[in-house]
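Worth knowing before you read on, the calculation uses all heavy atoms, side chains too, and leaves out hydrogens, waters and symmetry mates.
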Amino acid sequence: MTSKALLDALLPLVADLSRAIDDRERYRRLLQAMRTLFPCDAAALLRLDGEVLVPLAIDGLSGDTLGRRFRVAEHPRFGVLLANAAPTRFPADSSLPDPYDGLVDGLNDAHGELEVHDCMGCALTVNSRPWGLVTLDALGPGRFDSVDMASLQAFADLAAATVNVAERIDVLSAAGEQERQRAEAYRLGLEESQGKRELIGQSPAHQQLLQEIRMAGPSDMTVLVTGETGTGKELVAHALHAASPRARKPMISLNCAALPDTLVESELFGHVRGAFSGAVADRRGKFEMADGGTLFLDEVGELPLAVQAKLLRVLQSGQLQRVGSDREHRVDVRLVAATNRDLADEVKQGRFRADFYHRLSVFPIRVPPLRERGRDVLLLAGFFLEENRARLGLSSLRLAADAQRALLDYPWPGNIRELEHLVGRSALRALAAHKTRPAILTLTADELDLRMQEGGGEPDERRDQQQADAAASGNLRDAVERYERMLVGDSLERNAGNLAAAARELGLDRANLNRLARRLGLR
């Protein structure tokens, strides 16, 4: 590579440092330039989060890679890259498994060309602290023989500057010192809750959810989280706690549907010795345990009416009495509640108190079902694939192209929980079907067998009915318009609504894409 070629590739990126660009677009341009400079089949930018590497941007890798979380201890190549200050290239015959085996786009499944044969990368340091990695991978051996490591180091330095600019812009966009402190509390809360599931996604529906969490989190408002079963309402509650000034205080959870009516009051408010049979000692309730922090009431729609009345009093006055006691205790608790019921309808039916409902829904947050989140299903699948890869002791666990299409087409009546169980079950069955343990296990659409899932017959019938309706009522023009809407909508979603990026992806002029999107009702 000549100095002029390196300079020509780096100058636009240097110019980008002074521009207000979305982080995803900034990182996309960075990787695109890296693939132009260095002869690789795939590139990635990963941020170090504790002991885990989180992909922020990818180019040439399967879409589910963005949802994977790579534990450094389980991927020795990443450990080597992080330990070296200078760029590192692994020998083609290295015995260390490559984290991207089976994940590079355009692989020929039929011939088994799944393994990476040339790999190199560089650790990134931002403000004198380890920040993450840039990685480059090629399917053919010897592809990096001509790479000048000094050029890669220069590019890594620019990548670190790009990350630094993006992070500084994020900090400056926060509204003053108070917001900075809240952001720090959110970060600390997330670090302390490592091991809990995180909110993964890039779709507009998911971004709207994150925005509402950012708005409600720093306040003391009572939040009512609604959504279908399996959408991740408890994760939203944890995110609200982590985003609040109470993040260092306890978060106490209670599943209201898991207790008999006779015990709910004791669990919430506590009891004194002798209050009822079996009460052999004084006991604090969930409210007292959560004092100063957050109390999360899951399945709040299942609470008995009598308990709702007592809860309302606690929320209004901050005072409670243990069961069997006349003494009052004052508590400072932020309440987050969740339900999959339509509480407004429950109020109309007389099964839920109207005053308690209005006290709960000060700030309502709806968690979107998985079917409304488009390609987020692939990111979430990637997260569960990486979990099961480690659990099963595989080098790589991946989705075939037809399996990815099947995941995107399925309506997910059980939402994220159904997806999690599906991936785990399918991986176990696919592995059992092999006489010898494979290094790379590929899940196909047949192995996912979505038609056999609970409720799976109904989506098949619905899909058949939709196809029949289209055949009966549509013509060629209607079919073309539906196909255009699908392609354009998916591209806009993948690019976070960025018209310029979607136009590049679709090979269209930006103005023409804008007119087409408006005609299709997508803007």
Side-chain angles (χ1 to χ4, degrees), residues 42 55 58 60-71 74-75 97-116 139 197 200-201 229-230 369-371 373-464 467 490:
I58 57 173
L61 292 169
S62 173
D64 63 82
T65 307
L66 282 172
R68 294 176 183 254
R69 300 296 180 260
F70 298 103
R71 293 197 173 277
E74 297 171 1
H75 295 282
D98 193 285
Y100 303 129
D101 279 348
L103 301 182
V104 179
D105 275 346
L107 296 174
N108 187 339
D109 291 5
H111 294 86
E113 296 172 7
L114 301 174
E115 296 184 2
V116 172
L139 295 175
R197 293 286 165 77
I200 294 174
T229 298
L370 190 52
R371 63 181 172 276
R373 294 179 53 184
R375 297 182 68 84
D376 279 359
V377 66
L378 296 183
L379 275 65
L380 291 160
F383 180 87
F384 297 132
L385 286 165
E386 182 62 20
E387 276 196 336
N388 283 277
R389 180 208 63 76
R391 186 179 299 127
L392 297 175
L394 299 167
S395 294
S396 176
L397 179 60
R398 62 187 293 271
L399 294 171
D402 64 345
Q404 294 188 35
R405 288 192 296 270
L407 293 180
L408 291 169
D409 290 342
Y410 187 64
W412 299 107
N415 293 294
I416 300 171
R417 188 176 299 130
E418 181 183 9
L419 173 64
E420 178 182 9
H421 294 164
L422 170 75
V423 171
R425 181 170 57 248
S426 300
L428 194 60
R429 286 176 175 168
L431 182 60
H434 286 74
K435 293 182 179 179
T436 59
R437 175 176 289 267
I440 299 175
L441 183 62
T442 301
L443 302 182
T444 65
D446 287 342
E447 285 163 329
L448 294 180
D449 198 11
L450 282 165
R451 291 169 299 176
M452 292 181 64
Q453 306 312 309
E454 182 178 352
E458 181 185 350
D460 285 342
E461 293 168 9
R462 190 183 303 122
R463 194 178 300 116
D464 291 342
Q467 291 171 350
D490 285 351

- Task: Measure across A430 and L443 and return the closest heavy-atom pair with its distance rounded to 0.1 Å.
- Result: CB-CD2, 3.6 Å
- Taking all atoms of both residues into account, what is the closest heavy-atom pair of L399 and T442, and its distance? C-CG2, 4.3 Å
- Message: Can you confirm whether L380 sits close enough to R373 that some side-chain heavy atom of one is under 4.5 Å from a side-chain heavy atom of the other?
- Response: yes
- Contact summary for T444 and D402, nearest pair of heavy atoms: CA-OD1, 3.8 Å
- Starting at CZ of R398, measure out to CG of L385 and round the result to the nearest 0.5 Å. 10.5 Å
- Query: CG/L378 to OG1/T65 distance, rounded to the nearest 0.5 angstrom?
  - Reply: 10.0 Å
- Please name the pair of heavy atoms, one in P55 and one in F70, separated by the smallest distance, quoted to 0.1 Å. CG-CE1, 3.7 Å
- Per side-chain hydrogen bond (donor to acceptor under 3.5 Å, both in side chains), E386 is matched among R69, H75, R71 by H75
- Item | CG-CZ distance between L408 and R375, expressed to the nearest 0.5 angstrom | 5.5 Å
- Message: Quick one, V104 and L61 - any side-chain contact, counting heavy atoms below 4.5 Å?
- Response: yes
- Hey, could you give me the CD1/CZ distance between I416 and F383, rounded to the nearest 0.5 Å? 10.5 Å
- Item | Short side-chain to backbone donor-acceptor contact, S395 and P97, under 3.5 Å | no
- Task: Go through the steps for L431 and R437 under the test side chain to side chain contact (heavy atoms under 4.5 Å, CB included), then give the verdict.
- Result: CA-CA 7 Å; L431 182 60; R437 175 176 289 267; 3.8 Å; yes
- Q404 side chain vs A401 backbone, donor-acceptor pair below 3.5 Å: no
- Message: Are the side chains of E387 and V423 in contact, using a 4.5 Å heavy-atom criterion?
- Response: no
- Message: Nearest 0.5 angstrom please: L103 CG to D101 CG, how far?
- Response: 8.0 Å
- Evaluate the side-chain proximity of W412 to L450: yes if any heavy-atom separation is below 4.5 Å, no if none is. yes
- Message: Do S62 and D64 pair up side chain to side chain, a donor and an acceptor below 3.5 Å, judged on atom types alone?
- Response: yes
- To the nearest 0.5 Å, how far apart are CG in L441 and CD in E447? 7.0 Å
- Message: For a side chain to side chain contact (heavy atoms under 4.5 Å, CB included) check, start with the C-alpha distance between E418 and L370, then their side-chain angles and the critical distance, and finish with the verdict.
- Response: CA-CA 10 Å; E418 181 183 9; L370 190 52; over 6 Å; no
- Heavy-atom distance under 4.5 Å between the side chains of R68 and I58, does that happen here? no
- Is there a donor-acceptor pair closer than 3.5 Å between any side-chain N or O of N415 and the backbone N or O of R417? no
- Taking R389 for the side chain and L394 for the main chain, is one N or O donor matched with an acceptor at less than 3.5 Å? yes
